[in-house]
Trainee: 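For reference, the structure I am asking about is given below.
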Amino acid sequence: MNTSRSRGTTAKALRGAALAVLLITGTLTAAAPNAQGETGSSGRTASAGRTETPVASTSPVVGVTESVVRVKAPLPVSFGARPAACDWLSYLRYRSVDGPVAAADADRILVAQPGILEGAGAFDSVARNTVARAAAQGRHIEFWALDRRSNCLEDHAGIDSGDQHTAVDYYYRGKPVGGRAFAGFVGNDRLGWLARLGIEQTVRDQYDLLVAELPDQGLRERKVLCGGHSLGGVVTGYFATADFDGNRATTADAGYRQCAGYFALDTTVSTSLADLSGSIPDDTNLPDTGLGYGVVQAGLDSGVLPRSLSAPVLLNPATMTLLAIAGLGAVQDPGAEADLPSYLPADLNIEATNRFLFSKDTAAFLTGSPAVKDFRLTNAAVLGALLDDNSVPLAFLQSSVGFFDGGPVADKSFPVANGGDQQPGLSGVAYKAIPDRPHGPLYTWRDYDRVGDPDDPGYRSADGTPFTGADKEVTDLQELARSLAQQPLDFTEQYFPTKLVTDLELATSPQVKRLVAHPEGLTAHPTLTVLAGDGLLAGRIPADLHPVVADGYQHLDVLTAAPVQNNGRPEPVSSALTEFARDPR
């Protein structure tokens with residue numbers, strides 16, 4: 001097992017894609033969960049302050065049970081008015097069906113912080129794979145995928161209908177579902193409480209949740225492994241160094257005393273963004289973090305600065321909701337011809353997004369011709385075009401789910417052309433392709449495990465470079481679709497708090513430095529670092545961390561990859577997590 005001691009300055013090369021990921025969306029709900037009397041993870045019966053609800057799943061990974069857990073933890077009065085649901089903490093709990101009911105009796109508990117743009121649903125595949133792999137070895141572990149509080153703003157009614165047209169009508173045309181009308185995407189004027197939701201409250205939420213679910217501190221220190229994906233590695237770093245009772249002389253409450261080890265998924269465990277390289281898209285409305293902490297906080301409090309990060313087009317609530325809607329189509333009937341592009345309302349926001357994602361070149365982007373609705377695509381091909389690394393030009397949204405099939409393709413030269421000088425960064429390293437026959441054949445999707453088969457056309461770029469190969473495809477599109485469209489907690493984080501990233505950018509300010517009360521916490525335990533070979537750190541993998549490198553993986557693949565890969569071997573991320581859970585030393 002490759003493990004290392006975490007270092008506070010080894011978070012190399014995440015900034016561009018990680019901070020570009022600050023841009024996603026959501027919808028509003030004001031309903032708090034109701035207590036249902038289920039047995040809790042600690043073996044206690046649920047009360048008015050805790051609910052645990054089983055989640056039905058069609059996942060092919062057997063022997064794993066999932067539930068959504070909510071624990072009441074009201075925010076301080078200083079946060080101001082917010083929906084009642086935002087006074088609850090939520091997570092997805094995965095465990096072996098043959099394992100103990102009480103989490104305290106499990107052999108190990110992995111607790112995962114999501115990255116930017118992510119909700120708990122993003123961990124579905126890696127959680128199931130890890131729990132199942134450990135159970136096959138005779139060990140019963142749990143995987144807790146955390147949701148940040150900002151996900152309390154999501155309205156799932158349209159997605160939960162299970163029908164694409166119903167979802168589009170609900171979110172974009174004002175048609176009710178089950179007598180419920182969509183309240184609209186939430187504007188900055190209704191997000192005042194997010195102005196206070198930064199790194200301090202985020203790590204406090206994790207601590208409060210662990211204490212509520214596992215009251216024995218000694219047990220937490222023996223059995224809990226703390227980690228995360230992408231920005232979740234930095235959040236884990238702050239958690240490890242935090243002091244939760246205000247007295248540094250007492251350490252039982254220190255973050256590192258709640259964990260037996262750390263894990264990092266395409267990230268590193270750190271407390272600094274200062275040395276992360278990259279860039280941020282010009283239209284993200286990211287505040288100037290050269291300003292002082294007090295000035296930035298005043299701007300967030302007043303609403304002069306956006307309390308949730310998004311872009312005017314492409315990455316905002318109205319457009320990012322489309323990922324789950326596209327997932328619905330791929331779940332319902334992946335091989336059917338899609339009508340989603342033509343069924344969507346024709347507005348500037350959606351039109352600009354479609355042009356950015358589905359334009360062959362600059363001319364097509366400027367003229368809007370040919371448009372995505374001019375091509376015949378299956379539901380699976382629509383989702384693949386939105387998330388596959390050979391299609392979407394945004395590295396933080398990329399996974400390796402297969403390739404187009406059914407007709408000729410061409411190089412996608414917008415916004416970045418394919419070529420030998422292509423470097424890791426915002427658009428990723430994979431060559432981009434696009435269907436090349438509008439009003440022509442029905443383009444289908446070749447799933448990850450059919451790439452390289454005898455009937456594979458073996459599409460190549462104009463310079464002769466293969467667009468992909470079996471060794472570069474790792475995620476099952478159907479499972480990705482299910483995670484997007486059928487999880488009670490979203491795959492995406494639809495309202496990312498600006499304050500969380502400005503706190504991290506202003507890490508040298510006295511207000512943020514006081515969170516690093518126990519710097520020794522970063523090196524207090526072994527750390528497992530698992531990196532995507534073609535992910536955010538591609539070409540810049542920090543050798544001093546002795547990481548496990550998943551070859552061919554993109555940034556999201558470390559969470560979504562199928563349990564068995566095209567080489568017939570077990571998926572390496574869950575394999576590494578299983579071994580680390582067995583013995584973190």
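Hydrogens, waters and symmetry mates play no part in the numbers below; they use all other heavy atoms, side chains included. We count residues from 1, following the sequence as given.
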Trainee: Check the pair K499, Q201 against side chain to side chain donor-acceptor pair (under 3.5 Å), reporting the backbone distance first and the verdict last.
Mentor: CA-CA 10 Å; K499 181 173 170 57; Q201 188 61 47; over 6 Å; no
Trainee: Any salt bridge between D243 and R514, counting N to O under 4.0 Å?
Mentor: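 Not counted as a salt bridge, because no side-chain N and carboxylate O are separated by less than 4.0 Å.
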Trainee: Of all heavy-atom pairs between I199 and D503, which one has the smallest distance, and what is that distance?
Mentor: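 Closest approach of I199 to D503: N-OD2, 3.1 Å.
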Trainee: Side chains of N379 and Q332: is there a donor and an acceptor less than 3.5 Å apart?
Mentor: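 Side-chain D/A pair, N379 to Q332: absent.
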Trainee: I'd like to know if the side chain of T560 pairs up with that of T475 as donor and acceptor (distance under 3.5 Å, no hydrogens or angles considered).
Mentor: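 Distance-only check passes for T560 and T475.
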Trainee: Quick one: does V71's side chain get under 4.5 Å of E213's, heavy atoms only?
Mentor: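 A side-chain contact under 4.5 Å exists here.
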Trainee: So, R149 versus S90: side-chain donor-acceptor pair below 3.5 Å or not?
Mentor: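 Result is no, nothing qualifies.
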Trainee: Centres of the F239 and F244 rings: under 6.0 Å?
Mentor: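 Centroid distance F239-F244: below 6.0 Å, so yes.
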Trainee: In chain order, what residues pass the side chain to side chain contact (heavy atoms under 4.5 Å, CB included) check against A326, with sequence neighbours excluded?
Mentor: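 If we apply the side chain to side chain contact (heavy atoms under 4.5 Å, CB included) test to A326, skipping adjacent residues, the hits are L340, V382, L383, L386.
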Trainee: Does R173 make a cation-pi contact with Y343, if we ask for NZ or CZ under 6.0 Å from the ring centre and within 45° of the axis?
Mentor: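 Yes, cation above the ring, under 6.0 Å and within 45°.
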Trainee: Quick one, R95 and V64 - any side-chain contact, counting heavy atoms below 4.5 Å?
Mentor: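 No, too far: nothing below the 4.5 Å cut-off.
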Trainee: If I take atom OG1 from residue T502 and atom CG from residue L300, how far apart are they, to the nearest 0.5 angstrom?
Mentor: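 CG of L300 is found 5.5 Å from OG1 of T502.
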Trainee: Is the shortest side-chain N to carboxylate O distance from E66 to R93 below 4.0 Å?
Mentor: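 So E66 does not pair with R93 through a salt bridge.
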Trainee: Give a yes or no on whether a salt bridge exists between K72 and D87, defined as a side-chain N under 4.0 angstrom from a carboxylate O.
Mentor: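 D87 and K72: not salt-bridged.
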Trainee: Please confirm whether the ring centroid of W193 lies under 6.0 Å from the ring centroid of F79.
Mentor: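 Not close enough - the centres of the two rings lie 6.0 Å or further apart.
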Trainee: Would you kindly say whether N151 and Y495 are connected by a side-chain donor-acceptor distance under 3.5 Å?
Mentor: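 No.
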Trainee: For Y553 and D266: C-alpha separation, side-chain torsions, deciding distance, then whether side chain to side chain donor-acceptor pair (under 3.5 Å) applies.
Mentor: CA-CA 10 Å; Y553 278 43; D266 209 33; over 6 Å; no
Trainee: Would you find more than 12 non-hydrogen atoms of other residues, nucleotides or ligands less than 6.0 Å from E351 atom CD?
Mentor: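 Above 12, so yes.
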Trainee: First locate atom OG1 of T236, then atom OH of Y262, and finally report the distance between them rounded to the nearest 0.5 Å.
Mentor: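 Here the interatomic distance stands at 9.0 Å.
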Trainee: Might you point out which heavy atoms bring L559 and A122 nearest each other, and give the distance in Å?
Mentor: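 Scanning both residues, the minimum pair turns out to be CB-O, 3.4 Å.
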Trainee: Any side-chain donor paired with an acceptor under 3.5 Å for H229 and T267?
Mentor: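 There is no such pair (donor and acceptor under 3.5 Å, judged by atom type) between the side chains of H229 and T267.
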Trainee: Between S400 and Q554, is any side-chain donor less than 3.5 angstrom from a side-chain acceptor?
Mentor: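 No, no side-chain donor-acceptor pair sits under 3.5 Å.
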Trainee: Distance alone, cut at 3.5 Å: any donor-acceptor contact between the side chains of S57 and R128?
Mentor: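 Side chains of S57 and R128: pair found under 3.5 Å.
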Trainee: Does any part of the side chain of R180, heavy atoms only, come nearer than 4.5 Å to the side chain of D155, both counted from C-beta?
Mentor: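 Contact flag for D155/R180 side chains = yes.
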Trainee: Would you say D124 and Y94 are linked by a side-chain donor-acceptor pair, where the criterion is simply a distance under 3.5 Å?
Mentor: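 Yes, side-chain donor-acceptor contact under 3.5 Å.
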Trainee: Taking only residues two or more places apart in sequence, or in another chain, which ones meet V392 in a side chain to side chain contact (heavy atoms under 4.5 Å, CB included)?
Mentor: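 With sequence neighbours excluded, V392 shows a side chain to side chain contact (heavy atoms under 4.5 Å, CB included) to L357, L394, Q398, given in chain and number order.
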Trainee: Is the closest basic N to carboxylate O distance between D339 and K373 below 4.0 Å?
Mentor: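 Result for this pair is no, no salt bridge flagged.
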Trainee: Who are the side-chain hydrogen bond (donor to acceptor under 3.5 Å, both in side chains) partners of Q486, not counting sequence neighbours?
Mentor: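 Checked Q486 against side-chain hydrogen bond (donor to acceptor under 3.5 Å, both in side chains); zero matches.
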